[in-house]
Each structure stands twice: as C-alpha cells, then as structure tokens.
Amino acid sequence: MWTDRMRCGNQTKFLRVTNLSSKTTDESLKEHLSQVVKQGKIQSVKIMKHYKFGEVLSKGYGFVEFDSVETATSAFRDVKGIVLDGYGLGLSLCDAKSVSKMDYKPCTTLKVRNLPSKGIDLKDLIQLFSPFGQIKSVRLPYARFGVVEFVTKQEASNAIRALTLSRARLYGRRLMLDWVVDDERLLEDRSGAKNMDQEKVLVKFENLAI
C-alpha cells in the first residue's frame, strides 16, 4: 500500500501541489499554472484519486512535472499565493521515484480490508465477489486483509463499484475495498496463509451451486 509521505529535494523536475479543490481537474490545474510559470514548460499534471462510494474522487493533491530542474525550481520559488477554484495552493519539491509510486491504477486485483482476524472461510469471499465475474484467486495474506483477483479489469471494476456503493458487509463488518497497486507481496503465497487458485475457486464455486 502506498503512503502520502513524500521525500523532497532540490534536484527534481516535480512539484507536489496540495489543498486542491474537488472541482479541480488535471486540465484546469495545468492551464492555470501555465499562465503563471515564468519560464519553461509543464510536461504533465496528475491529480491523485481514490475510489470512494462508487466514484473516483480527488485526494486534494497532485503532482506537476516540468521540462527541467531549473523550471521546477523557478516555479517553486516564484509561484506563491496562487488560488484555483477558491483554494490557496501549497507547493513543494518532490522526487520522481516517490511520484511514480502514487497512482490510481484500475487492475484485476482488489484489496479487501476490515475482515475479522479469525474464522474467515474463503467460500464466503467467493460468494460475495463471484457475481461480478470469474475469480482467478482468493488470498488472505494478513490478518483482517484479503486479496481477490479477477480475470479482467472490467470484472474487478464492476465488483469494487457495486460493493462500495452498497456498503457491503461480511461477518457483520463493513468492507473497505481498493486496488492492489504495484505490490507483488500481496500476491505471493505465504506460509500459513489461506490461498485458493483459479482451479480450486472454480471447484469450490461449483460445489456451492449444488
């Protein structure tokens, strides 16, 4: 799981922009900054998102990539007190490595949090998620934490949207769903962890249907 903490430094082409309005888009932020940056060009703008209540929403901060270290340093120094959509923006220099790890990426695999620490039956997870598509694997790598992998991104998107909107519960607990992003550790087999691959999932589902 990624973190919102950023490592900052002087030799970077990236700025972190905070205190963004929920109305602000990548395009409007880029256009606004382009009008006040005194030198160089803006290469890209990315406002960070998360999935909540069935919608993709802004996290209130984002990143701007400039064409050079000098341009980024100049923008950080010169662009002060900028206001967009009624919000005063905060700026800080941030490194590229940290920026690249923080992204909203729909994929085939979902994280399922807030599960009970004990007594979880994998068939209950299968029953909950199987209406949305073909499940490739189900895993419980940590306490209170599950991973459900679908065959396609669309199936995973359907599941996360529907279950978030319905505020799905399992064992009386409200589930918290998100994407697995660039974290292969969550897909590894672990000693003592409950795992079920595609073949076993299909057999289990067939048995449930009988």
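Residues take their numbers from the sequence shown, with the count starting at 1.
- Residues Phe63 and Val17 form no side-chain contact, since every pair of their non-hydrogen atoms from C-beta on lies 4.5 Å or further apart.
- Remark: Ser21 pairs with no residue by the side-chain hydrogen bond (donor to acceptor under 3.5 Å, both in side chains) rule, at least two apart or across chains.
- Scored by the salt bridge (Lys or Arg N to Asp or Glu O under 4.0 Å) test, Glu155 finds no partners at all (sequence neighbours excluded).
- Checked by atom type and distance alone, the side chain of Asp67 never pairs as donor or acceptor with a backbone atom of Gly40 at under 3.5 Å.
- Both Val37 and Leu93 sit in one connected hydrophobic cluster of ILVMFWY residues. Membership requires side-chain heavy atoms under 4.5 Å apart, directly or through other members.
- Each of Val180 and Met176 belongs to its own hydrophobic cluster when Ile, Leu, Val, Met, Phe, Trp and Tyr are linked at side-chain heavy-atom distances under 4.5 angstrom.
- The NZ atom of Lys41 sits 14.0 Å away from atom CD of Glu65, with the distance rounded to the nearest 0.5 Å.
- Counting heavy atoms from C-beta outward, Leu140 and Leu125 have side chains that approach closer than 4.5 Å.
- We find the CG-CZ distance between Leu110 and Phe150 to be 6.0 Å, quoted to the nearest 0.5 Å.
- Residues Val138 and Tyr171 share a single hydrophobic cluster, defined by chaining ILVMFWY side chains whose heavy atoms lie under 4.5 Å apart.
- At least one side-chain heavy atom of Leu170 sits less than 4.5 Å from a side-chain heavy atom of Leu115.
- In this structure, OG on Ser130 lies 5.0 Å from CD1 on Ile135, to the nearest 0.5 angstrom.
- Taking 4.5 Å as the limit, some side-chain heavy atom of Leu128 sits within range of a side-chain heavy atom of Leu163.
- With a 6.0 Å radius and a threshold of 12 heavy atoms from other residues, nucleotides or ligands, Glu31 has its CD atom at or below the threshold.
- Between the side chain of His32 and the backbone N or O of Glu27 there is no donor-acceptor pair closer than 3.5 Å.
- Distance CG/Leu177 to CD1/Ile160: 5.5 Å, rounded to 0.5 Å.
- Atom CG of Leu89 sits about 5.5 Å away from atom CD1 of Ile82, to the nearest 0.5 Å.
- The backbone N or O of Val151 sits nowhere less than 3.5 Å from a side-chain atom of Thr108 that would complete a donor-acceptor pair.
- In this structure, the side chains of Ser157 and Trp179 come closer than 4.5 Å at one or more pairs of heavy atoms.
- Between the side chains of Ser74 and Thr71, not a single donor N or O lies within less than 3.5 Å of an accepting N or O.
- The distance from the OG atom of Ser22 to the NZ atom of Lys59 is 15.5 Å, given to the nearest 0.5 Å.
- At least one side-chain heavy atom of Val112 sits under 4.5 Å from a side-chain heavy atom of Phe129.
- In this structure, Pro116 and Arg144 have side chains that are not in contact, with every pair of non-hydrogen atoms separated by 4.5 Å or more.
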